[in-house]
K.L.:
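Once you've had a glance at the structure underneath, I'll fire off some questions.
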Amino acid sequence: MTDASPQDLDPGLSGRRFLYTQPELLTPEQHGGLGLRTPEAPYAFAAEAEAVPLTVTEFRSAQRHFPIVFTGGEQPMPLAITGLGGRNLFVDEEGRWDPLAYVPAYLRCHPLALATAQNEQFAVVLDRSSPAVSEDPEVPFFENGTLTEGMRERIRFCQAYDGEVERTRTFCQRLRELDVLAMQSVGRDVEGQREDIARYGAVEPKRLQGVEAAALANLRDDGSLAAIFAHFFSLDLWNELLRRQAQRTG
């Protein structure tokens with residue numbers, strides 16, 4: 001696993017968005033005859049994703065299935081670790097997600113996303129390369145040039161997700177200001193030698209113990225402390241990832 005982190009799509013569509021290979025602004029002129037249909041391999045687009053962006057409100061569900069870690073740098077953000085060795089261990093050979101595992105909201109937004117325009121309004125972004133985009137849709141994008149109700153529902157989900165991303169940025173900034181994040185590593189023994197498999201950011205328990213009582217009480221009262229403990233519990237799942245990897249390769 002590398003230390004690289006998923007990148008956000010910039011408002012002008014000149015940048016990149018993790019797992020979106022052909023982002024286009026959704027318009028009735030370009031996409032009026034298209035819509036969404038569930039593909040046979042709905043999560044094939046994430047088959048090589050070792051890590052997926054996560055929001056803080058997802059920690060409670062995600063901590064039962066994936067290690068939750070933080071990126072490094074000035075603006076840390078959480079990731080669900082979904083794979084090792086360039087392979088997502090929750091996506092099978094048919095491109096289906098493990099039915100018993102939580103699906104991060106970032107993936108459930110795909111192939112749609114939102115971008116902020118210069119006038120502070122949002123635009124809908126479509127990954128045109130996605131096999132979910134169909135000329136024979138279950139959910140048309142437009143009807144008479146207007147977004148269909150099915151599309152509006154999906155856009156509302158993307159809006160809610162983006163709101164949680166902002167809340168997560170605030171949560172992570174607080175962790176950074178409190179200086180409780182530290183780089184850690186996880187490894188395995190190979191013929192008596194330790195082999196590192198990942199380096200990641202995590203809340204350091206000893207640093208958390210040193211936080212002033214008032215700040216700790218604030219973390220408790222707004223739910224942040226519960227999210228931190230979910231993060232702690234999730235780190236026990238590195239061994240489960242190694243088990244999944246051995247099962248796939250064995």
Side-chain angles (χ1 to χ4, degrees), residues 1-9 15-21 43 45-91 97-98 101-110 113 127 158 160-176 178 180-188 196-205 207-208 223-224 226-245:
M1 174 183 169
T2 68
D3 291 330
S5 59
Q7 298 187 24
D8 290 328
L9 179 74
R16 297 185 300 274
R17 186 180 179 92
F18 182 57
L19 299 178
Y20 289 65
T21 59
Y43 289 100
F45 71 96
E48 297 179 358
E50 295 178 318
V52 176
L54 203 65
T55 64
V56 66
T57 52
E58 297 180 273
F59 281 23
R60 180 176 179 180
S61 297
Q63 59 94 18
R64 296 179 288 124
H65 304 285
F66 327 105
I68 300 170
V69 306
F70 295 87
T71 60
E74 295 294 311
Q75 296 180 322
M77 287 294 283
L79 299 172
I81 303 302
T82 54
L84 298 168
R87 189 172 187 179
N88 188 331
L89 299 172
F90 292 84
V91 177
W97 195 268
D98 182 340
Y102 177 75
V103 182
Y106 184 89
L107 300 181
R108 286 182 275 138
C109 285
H110 190 272
D127 184 358
C158 293
Y161 172 77
D162 280 12
E164 292 302 331
V165 169
E166 289 304 313
R167 178 182 173 188
T168 301
R169 287 197 178 103
T170 301
F171 166 75
C172 291
Q173 188 60 33
R174 288 180 67 194
L175 297 183
R176 187 173 178 277
L178 292 170
V180 296
L181 292 173
M183 294 303 295
Q184 299 183 10
S185 64
V186 62
R188 57 185 168 190
D196 283 348
I197 59 174
R199 280 183 53 79
Y200 57 91
V203 176
E204 171 56 54
R207 294 190 185 188
L208 186 63
S224 296
I228 290 170
F229 278 103
H231 156 63
F232 284 156
F233 298 149
S234 78
L235 296 180
D236 289 339
L237 292 174
W238 284 108
N239 285 334
E240 172 62 15
L241 281 184
L242 290 171
R243 184 197 67 78
R244 283 178 175 263
Q245 184 184 44

K.L.:
Answer yes if the ring centres of Y20 and H110 are under 6.0 angstrom apart, and no otherwise.
P.N.:
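That pair passes the under 6.0 Å test.
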
K.L.:
Using side-chain heavy atoms (C-beta onward) and a distance below 4.5 Å, is H65 in contact with E240?
P.N.:
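Contact flag for H65/E240 side chains = no.
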
K.L.:
Can you see which heavy atom on I68 is nearest to which on P78, and at what distance?
P.N.:
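Minimum heavy-atom separation between I68 and P78: CG2-CB, 4.4 Å.
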
K.L.:
W97 side chain to Y102 main-chain N or O, any donor-acceptor pair under 3.5 Å?
P.N.:
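Yes: the side chain of W97 pairs with the backbone of Y102.
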
K.L.:
Once you round to the nearest 0.5 Å, how far does CD of E50 lie from CG of N88?
P.N.:
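Taking CD in E50 and CG in N88, the distance rounds to 9.0 Å.
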
K.L.:
Determine whether L84 and W238 satisfy the following criterion, side-chain contact (heavy atoms from CB on, under 4.5 Å), listing intermediate values before the conclusion.
P.N.:
CA-CA 10 Å; L84 298 168; W238 284 108; 4.2 Å; yes

K.L.:
Check the pair T21 / F45 against side-chain contact (heavy atoms from CB on, under 4.5 Å), numbers first and verdict last.
P.N.:
CA-CA 9 Å; T21 59; F45 71 96; over 6 Å; no

K.L.:
Do you know which two heavy atoms are closest between C172 and P76, and how far apart they sit?
P.N.:
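Minimum heavy-atom contact is CB-O, 3.1 Å.
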
K.L.:
Using 0.5 Å steps for rounding, measure from the CD atom of E74 to the CD atom of Q173.
P.N.:
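Interatomic distance, E74 CD to Q173 CD, rounded to 0.5 Å: 8.5 Å.
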
K.L.:
For the pair T71 (side chain) and M77 (backbone), establish whether a donor and an acceptor sit closer than 3.5 Å, ignoring hydrogens and angles.
P.N.:
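Judged by distance alone, yes, a pair lies under 3.5 Å.
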
K.L.:
Find out whether F171 and I228 are in side-chain contact, i.e. whether some heavy atom of one side chain is under 4.5 Å from a heavy atom of the other.
P.N.:
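When only atoms from C-beta onward are counted, I228 and F171 do touch, with a gap below 4.5 Å.
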
K.L.:
Within the 4.5 Å heavy-atom criterion, are T82 and L241 side-chain neighbours or not?
P.N.:
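SC-SC contact between T82 and L241 ruled out.
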
K.L.:
Can you establish whether the number of heavy atoms outside R243 located under 6.0 Å from its atom CZ is more than 12?
P.N.:
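More than 12 within 6.0 Å, yes.
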
K.L.:
Kindly determine whether R176 and Q75 satisfy side-chain contact (heavy atoms from CB on, under 4.5 Å), including the steps that lead there.
P.N.:
CA-CA 8 Å; R176 187 173 178 277; Q75 296 180 322; over 6 Å; no

K.L.:
When rounded to the nearest 0.5 angstrom, what is the spacing between CD1 in I197 and CG in L242?
P.N.:
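The CG atom of L242 is 4.0 Å from CD1 of I197, to the nearest 0.5 Å.
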
K.L.:
Using every non-hydrogen atom in the two residues, find where F18 and P53 come nearest and quote the distance to one decimal.
P.N.:
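So the minimum-distance heavy-atom pair works out to CD2-CD, 3.9 Å.
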
K.L.:
I want to check something: taking the side chain as every heavy atom from C-beta on, are V56 and R167 in contact at a cut-off of under 4.5 Å?
P.N.:
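They are in side-chain contact.
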
K.L.:
OH of Y161 to CZ of R108: how many Å apart, nearest 0.5 Å?
P.N.:
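Going from the OH atom of Y161 to the CZ atom of R108 covers 10.0 Å.
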
K.L.:
For a side-chain contact (heavy atoms from CB on, under 4.5 Å) check, start with the C-alpha distance between Y200 and V186, then their side-chain angles and the critical distance, and finish with the verdict.
P.N.:
CA-CA 8 Å; Y200 57 91; V186 62; 4.1 Å; yes

K.L.:
Could you tell me whether F70 and H231 have their ring centroids closer than 6.0 angstrom?
P.N.:
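Ring centres of H231 and F70 closer than 6.0 Å.
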
K.L.:
So is R244 actually on top of F90's ring, under 6.0 Å and inside 45° of the axis?
P.N.:
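Yes, R244 lies over the aromatic ring of F90.
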
K.L.:
Checking the side chain of E164 only, and the main-chain atoms of T57 only, is there a donor and an acceptor separated by less than 3.5 Å?
P.N.:
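Pair absent, no side-chain N/O of E164 close to backbone of T57.
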
K.L.:
Roughly how far apart are Q63 CD and L237 CG, rounded to 0.5 Å?
P.N.:
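Between Q63 CD and L237 CG, I get 7.5 Å after rounding to 0.5 Å.
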
K.L.:
Please give me the minimum heavy-atom distance between L107 and A46, naming the atom from each residue.
P.N.:
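Between these two residues, the closest heavy atoms are CD2-CB, 4.1 Å.
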
K.L.:
Can you tell me how far apart CD (E48) and CG (L19) are? Round to the nearest 0.5 Å.
P.N.:
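With rounding to 0.5 Å, CD (E48) is 10.0 Å from CG (L19).
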
K.L.:
Mind listing the closest non-hydrogen atom pair of P104 and L54 along with its distance?
P.N.:
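Minimum heavy-atom contact is CB-CD1, 4.2 Å.
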
K.L.:
Assign the ring pair F229 / F233 to parallel, tilted or perpendicular, where the plane angle (0 to 90°) is split at 30° and 60°.
P.N.:
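F229 vs F233 ring planes: tilted.
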
